[in-house]
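This report refers to the structure that appears directly beneath it.
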Amino acid sequence: MVAQNIIFGFIASIVALSAFRTVTTRNIVHAALYLVAVLAGLGALYVMLTAEFVATTQFLVYIGAVMVLFLFGIMLTRAPLGHLDDLTGKQWPVALGVATTLGAVLIYALVDAFHAAELPTDPVIYRTADVGDSVFSTYLIPFEAVSVLLLAALIGAVVLARKD
Amino acid sequence: MLGDPLFRNGVDWGDFAVMGVKVVVAFVLLLVATMFMVWFERKFIADMQNRIGPNVAGPWGILQTFADGVKFFFKEDLRPANADPLVFRLAPYISAVTAFLAFSIVPIGGVFRDGEADTGTVTLFGKVTYLQVADPPIGILLLLAVSSIAVYGVMLAGWSSGSKYPLLGSVRASAQAISYEAALGMSVVAVVLLAGSLSTHDITAGQAGGVRTWYVLSAGIVPFVIFLIAATAELNRPPFDLVEAEQELVGGFHTEYSSIRFALFFLAEFMNVVTMSAIMVTLFFGGPAGPVLFGMTWFWPTVWFFAKVLVFLAMFIWFRATLPRLRYDQLMNLGWKVLIPLALGWLLVRATILQVDEGTIDPVIAIIVGILAAGACFLLFTAALTAGDRAYERDQALQEQALQEQALQERAVQDQALQERAVQEQAVQEREGSR
């Protein structure tokens, strides 16, 4: 368990540092890359929890698609090299307050729910097949609801983007 | 999965030795294969174009790639003045590392027998293991994840160069990669459906029962064709090489790169060709499956595997020598309007056939519902496409009209100016005449 704790601490500190740099850096592409580091770190934490499918999905969807689209959008519009002075908006103190409150609530909820519970030393491993089985049996209706929601979002985006 | 993947019972030196040997062998093998591929491409394409190709370095010029590599090491490492220093240096490594990673899930040998539980194993340092660097349970998803990360190398290289052509190249690259990744993933799903597992080892084991069980036949030819087209697009190989279209973009994303950093991009590109060929062999052509001709049983699967990979490598070169580059709108149309719907539709058809075979669905009902659903989907899809085309034509017509009106106005202004000038000249002449 010692090795796991050390690796967790290492990854978690990288994630925290990258998250901090995401909001403080003055270069918009660097900010996106720090966000990639945050998401990759979270993927690594999923691997440590033996949630291999979630980890791969994290890489595939968030890093491979969402962040690529972010960068694509940036490059299609301005793609500025170097620092932008107006990258930090005027409302940053408000945003800081919101973020701190949210973080405090989440930490309180986690601590309140689990107290000092320890992870089992010999956990049950849920394989990709188990995840697939439960998504398409127990959680079928929520799964379909989410896909309808995504379809609605897709059509909404098309409607908004088209002029006529 | 074999034995103890999480090493719950501890790790001994045998595990380290097995892992080390596998990693080193895979690394060297891929590097040599890539060097050979670069030479093979130049030589083969030269033959197709009635040229000789590299012929000075070594016999048949086979050491040409090695000589080029050494040369790249000694060239000056240039960086444009307004490039982003950190990202500019990072990008080639992202490309190279992802190219290496994807190969780790390919089983390159091992005797697979049909119906055996743990087949295709070898014994190394007293450990029973597979002939592949890693056999993660997510298997083929790792390939998709890695190839989606590989886009970053190209994209960041283009952006960080701080110049126009690379930026255009990387914008094209990211759009192309996102478009074809969907088709690539969906064509793999048909194979995963039949294999019942994502692991590349299990997919290979599922094809051990002769040519009839190879997924290129048993999944129908469609997923393979889609995978081949989408993989060619993912590799930025001709006819999908818009990313580095030299007539339009100089060199595309690597225009500003020189010396060993350029070599890394070059290496990654050819390495990805080798890896994708190996993946196609694994997914659709039985991997190392093949007859043992004589002697050494363990040796032949590897020979068959590389023979099949070689066929695909030759095919990629043949594509390059024959096919003209697609236009950008053709590329997008092919990806979104043909490959993705086809992959989805075929997946449904194959899944239904599988269920009918297992006896869960009555064939008659399946056929009736299938025809109705297919008709409805086809009508909806064509309706959407024609609506889109009509809107596009209307936009074009409006634009053209606006342009024509503008041209008419300009001509009217010009005519007026000409007339005024003629009147003035006449007046001048009259004045001179009267004088």
Side-chain angles (χ1 to χ4, degrees), chain A residues 3-4 25 27-30 32-34 36-37 39-40 43 46-83 121-123 125-133 155 158 162-164, chain B residues 1 5-6 8 80-88 90 94 136-152 154-156 158-164 166-175 177-178 181-182 185 192 196-199 384 387-388 390-391 394-395 398:
Chain A
Q4 286 184 13
T25 183
N27 184 317
I28 191 159
V29 175
H30 286 185
L33 290 180
Y34 281 122
V36 169
L39 295 170
Y46 293 143
V47 172
M48 286 188 67
L49 294 170
T50 67
E52 71 225 358
F53 182 73
V54 186
T56 330
T57 316
Q58 171 90 4
F59 275 91
L60 204 58
V61 175
Y62 283 95
I63 300 178
V66 174
M67 287 315 293
V68 169
L69 277 180
F70 267 38
L71 284 169
F72 181 66
I74 294 171
M75 286 182 191
L76 210 55
T77 48
R78 291 191 296 173
L81 281 159
H83 289 207
T121 43
D122 199 25
I125 299 172
Y126 290 102
R127 290 268 169 237
T128 311
D130 303 322
V131 176
D133 281 345
I155 296 172
V158 172
R162 284 202 70 92
K163 284 162 288 182
D164 44 280
Chain B
M1 267 339 263
L6 293 180
R8 282 190 193 159
N82 58 347
D84 189 306
L86 188 71
V87 181
F88 189 79
L90 180 71
I94 297 180
I138 45 166
I140 201 67
L141 274 184
L142 187 82
L143 167 85
L144 297 176
V146 165
S147 75
S148 67
I149 293 172
V151 184
Y152 279 88
V154 174
M155 221 167 150
L156 294 177
W159 171 75
S160 64
S161 297
S163 95
K164 292 286 179 289
L167 186 66
L168 285 174
S170 65
V171 166
R172 281 184 181 188
S174 42
I178 291 175
E181 221 152 69
V192 172
S197 168
L198 290 166
S199 144
R390 227 179 289 143
R394 204 167 49 225
D395 279 1
L398 278 176

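Fair warning: this is a prediction, and the values are worked out from it, not measured in the lab. Chain letters run A, B, ... following the sequence lines, proteins first, then strands; residues in each count from 1.
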Using atom types as modelled and distance alone, determine if a side-chain donor or acceptor of B:S161 lies under 3.5 Å from a backbone N or O of B:S163.
-> no

What part of B:V146 lies closer than 4.5 angstrom to a heavy atom of chain A: side chain, backbone, both or neither?
-> neither

Side chain, backbone, both or neither: which part of B:S197 has an atom under 4.5 Å from a heavy atom of chain A?
-> neither

Which answer fits B:L144, side chain, backbone, both or neither, if we ask what part of it has an atom under 4.5 Å from a heavy atom of chain A?
-> both

Where on B:A175 is there a heavy atom nearer than 4.5 Å to chain A: the side chain, the backbone, both, or neither?
-> both

Taking atom CZ of A:F70 and atom CG of A:L33, what is their separation to the nearest 0.5 Å?
-> 12.5 Å

State, with a plain yes or no, whether a side-chain heavy atom of A:F53 is found less than 4.5 Å away from one of B:P137.
-> no

Could you tell me whether the side chain of B:E181 reaches within less than 4.5 Å of the side chain of B:S147, counting heavy atoms only?
-> yes

Partner chain A: residue of B:V151, B:L156, B:L168, B:L90 with the largest heavy-atom pair count (under 4.5 Å) = B:L156

Kindly compute the distance separating CG (B:D84) from CH2 (B:W159), expressed to the nearest 0.5 Å.
-> 4.0 Å

Under 4.5 Å to a heavy atom of chain A? For B:L198 that would be side chain

Stepwise, does the side chain to side chain contact (heavy atoms under 4.5 Å, CB included) test hold for B:V171 with A:L76?
-> CA-CA 7 Å; B:V171 166; A:L76 210 55; 3.6 Å; yes

Residue-level contacts of residues 59-67 of chain A with chain B, using a heavy-atom cutoff under 4.5 Å | A:F59, A:L60, A:I63, A:G64, A:M67

Check whether any side-chain heavy atom of B:S174 sits under 4.5 Å from a side-chain heavy atom of A:M75, and report yes or no.
-> no

Checking A:Q58 side chain against A:L39 main chain: does a donor-acceptor pair fall under 3.5 Å?
-> yes

Which heavy atom in B:S148 sits nearest to a heavy atom in A:V68, and how many Å separate them?
-> O-CG2, 4.5 Å

